[in-house]
Amino acid sequence: TLLGVAAGLSFLITTHAFMTPNSNKGSVIKQTTQPLQMFDLPDFFSGLMGGGKDGDSASLPNPFAPEDKSTKTNIVAGASGYIGKSTVRESVRQGYNTIALVRDASKCDTSTPEGKASYGQYFEGATVIECDVCDPEALTLKMAELAAENNGIESIISCLASRSGIKKDAYKIDYQATLNCLESGCDESVKARHFVLLSAFCVKNPWLQFQQAKLKFEAALTAQNDMTYSIVRPTAFFKSVSGQLEVIQSGAPFVMFGDGEITSCNPISEADLATYLIDSIIDKSRENKIIDLGGPDVPLTMKKQGEMLYQAVGKEPNFIYAPVWLFDVIIDSLQWVADTFKSEGFENAAETGRIGKYYAVEPMLTTDPSEKFGTMTLQDHFNKIAVEGQEYDPYTSMFAKGPTTAEKKEKEEVSA
């Protein structure tokens with residue numbers, strides 16, 4: 001009998017070890033087993049005999065039972081953004097009790113045609129909460145309320161990012177608002193366990209204001225001891241390299257700088273990135289780590305990206321090459337006006353120019369296999385948006401027009 005029990009224990013331990021996937025290899029298998037507990041032997045033998053401790057009829061925990069994430073609450077800050085809404089959808093898909101924090105809940109109201117078109121497929125199954133992350137007191141009160149209602153907070157994922165990248169916006173959102181989320185999560189009334197930060201690969205070589213703001217928050221996050229954390233720095237989003245779709249569809253040439261091969265990148269899809277962010281909640285190998293992350297592609301130059309986009313729309317490539325020094329002329333002129341006349345507007349314009357130059361000359365590339373994740377390639381994405389169109393974004397869609405309500409409704413009906 002004892003040999004049989006020993007053999008059974010050995011089987012459980014060995015099988016559990018082999019069933020635990022290595023998430024660093026980008027496996028599509030999700031970890032669904034709970035860590036094997038060290039059994040109290042008297043209770044174990046009592047369980048084998050059909051009884052529990054103190055004569056109750058409690059059964060043994062099943063080490064192969066799926067983890068019930070529905071009891072764990074995950075808060076996504078910046079939920080209405082490009083990556084944020086995909087992260088909400090993935091959080092729900094993985095079974096978490098998901099809270100989507102948004103600035104204006106009326107824009108995300110899926111009972112309206114506009115809200116359904118923009119957020120219907122993303123927010124289904126999540127609880128949408130309106131809260132101003134720039135108001136630390138209101139944010140802490142709201143998180144404390146959510147913690148009390150949901151038996152604590154398992155994790156907070158910050159997908160907050162300034163839209164413009166100018167200094168004022170960057171320090172307001174990328175630093176201070178994100179810090180507010182961290183401090184609220186650490187408050188005694190909340191005590192969230194883990195913080196996942198969506199940062200940016202480009203902070204490795206920071207000469208822009210938004211990069212410095214992000215690094216300032218990263219320093220605050222790594223210095224505290226109240227919450228464990230994972231900092232994810234993606235190379236680039238598919239949206240960021242798709243801005244010229246409408247340009248070439250209209251017949252205009254694809255614009256690149258230098259010879260089109262100055263730099264290269266391996267961007268990651270929003271769905272793959274969202275999966276990585278959610279997986280980071282419980283992946284111990286990513287705990288208290290800073291992780292550079294790119295997609296599955298080989299290094300793609302700007303010229304190669306243009307060729308791929310033309311292939312997707314079925315047209316012959318037509319390129320125009322702009323000299324990089326053009327950036328310097330424009331930036332220096334704007335900065336001179338800003339310094340001479342103390343103009344914040346021209347200072348912001350100069351910073352926008354610097355952002356443009358940065359992405360024209362700096363590589364956004366991971367080559368280590370452990371820093372590449374996902375299954376969707378950039379060509380897959382281009383092929384998709386060439387047929388379906390892409391979500392309008394005034395910061396990345398160069399000549400696209402925002403979709404009308406009627407167009408959104410038609411797209412929603414087609415996708416349904």
Side-chain contact, heavy-atom cut-off 4.5 Å: Q211 with K214?
no
Between N288 and Y229, is there a donor-acceptor pair closer than 3.5 Å when you use the side chain of the first and the backbone of the second?
yes
So how far is it from I281 CD1 to I156 CD1, rounded to the nearest 0.5 Å?
11.0 Å
Taking side chain as C-beta onward, heavy atoms only, is P317 less than 4.5 Å from F254?
no
Determine yes or no for a side-chain-to-main-chain donor-acceptor pair under 3.5 angstrom, with S250 supplying the side chain and V247 the backbone.
yes
Which residue pairs satisfy the ring pair (Phe, Tyr, Trp, His ring centres under 6.0 Å) criterion with at least one member in residues 282-316, sequence neighbours excluded?
Y310-F319
Between F373 and Y276, how do the two ring planes meet: parallel, tilted or perpendicular, split at 30° and 60°?
perpendicular
Only one of N266, D292, T235 forms a side chain to side chain donor-acceptor pair (under 3.5 Å) with T366, so which one is it?
N266
Measure from NZ or CZ of K85 to the centre of the six-membered ring of Y122 and say whether it is under 6.0 Å with the direction within 45° of the ring axis.
yes
Salt bridge flag under 4.0 Å for residues E149 and K142:
no
Nearest heavy atoms of A360 and T263, plus distance in Å
O-CG2, 3.6 Å
List the atom of V232, the atom of S280, and the distance in Å for their closest heavy-atom pair.
CG2-OG, 4.3 Å
Has the side chain of D169 got a donor or acceptor atom that lies under 3.5 Å from a matching backbone atom of G165?
no
Compare every heavy atom of A338 with every heavy atom of E347, then report the nearest pair and how far apart it is.
N-CB, 3.4 Å
Taking atom CD of Q212 and atom CH2 of W207, what is their separation to the nearest 0.5 Å?
11.5 Å
So do the side chains of Q390 and E246 get within less than 4.5 Å of each other, counting heavy atoms only?
yes
Show the nearest heavy-atom pair for residues D297 and L378, with the distance to one decimal.
OD2-N, 2.8 Å
Separation of C186 SG from M143 CE (nearest 0.5 Å):
10.0 Å
Contact between K172 and C134 at the side-chain level, heavy atoms closer than 4.5 Å - yes or no?
yes
side-chain hydrogen bond (donor to acceptor under 3.5 Å, both in side chains) assessment of T377 paired with D380
CA-CA 5 Å; T377 66; D380 293 334; 3.0 Å; yes
Quick check for you: to the nearest 0.5 Å, what is the distance between E316 atom CD and I248 atom CD1?
11.5 Å
Test side-chain hydrogen bond (donor to acceptor under 3.5 Å, both in side chains) on R354 and Q335; report intermediate values, then the result.
CA-CA 10 Å; R354 282 187 282 268; Q335 192 61 56; 3.1 Å; yes
Stepwise side-chain contact (heavy atoms from CB on, under 4.5 Å) test for C202 and Y359:
CA-CA 9 Å; C202 62; Y359 288 108; 3.6 Å; yes
If only atom types and distance count, is the side chain of T98 paired as donor or acceptor with the main-chain N or O of T73 below 3.5 Å?
no
For the pair K216 and D174, find out whether any cationic side-chain nitrogen is under 4.0 Å from an anionic carboxylate oxygen.
no
Going by ring pair (Phe, Tyr, Trp, His ring centres under 6.0 Å), name the residues that satisfy it together with W336, two or more places apart in sequence or in a different chain.
none
Mind checking whether Y119 and V128 have side chains closer than 4.5 Å, heavy atoms only?
no
Quick one: closest heavy-atom pair of I83 and E270, and the distance?
CD1-CB, 3.7 Å
Verify the distance criterion only: is there a donor paired with an acceptor across the side chains of K69 and Q94 at less than 3.5 Å?
yes
Please round to the nearest 0.5 Å and tell me the distance separating atom CZ of R89 and atom CD of Q121.
5.0 Å
Sequence neighbours excluded, every pair satisfying side chain to side chain donor-acceptor pair (under 3.5 Å) that has a member inside residues 181-203
T140-S184, E154-R193, D187-S189, E188-K191, H194-T228, H194-S230, S199-E218
Any heavy-atom pair between the side chains of D132 and L139 that's under 4.5 Å?
no
Trace of the side-chain contact (heavy atoms from CB on, under 4.5 Å) decision for F195 with C181:
CA-CA 9 Å; F195 194 99; C181 291; 4.2 Å; yes
What one should report as the nearest heavy-atom pair of H381 and S242 is NE2-OG, 3.0 Å
When you look at T375 and D272, which way does the side-chain contact (heavy atoms from CB on, under 4.5 Å) test go after all the steps?
CA-CA 7 Å; T375 58; D272 286 333; 4.1 Å; yes
Value for CD1 (I99) from CG (N74), rounded to nearest 0.5 Å, stands at 9.0 Å
Got L179 and L182 here, is their nearest side-chain heavy-atom distance under 4.5 Å?
yes
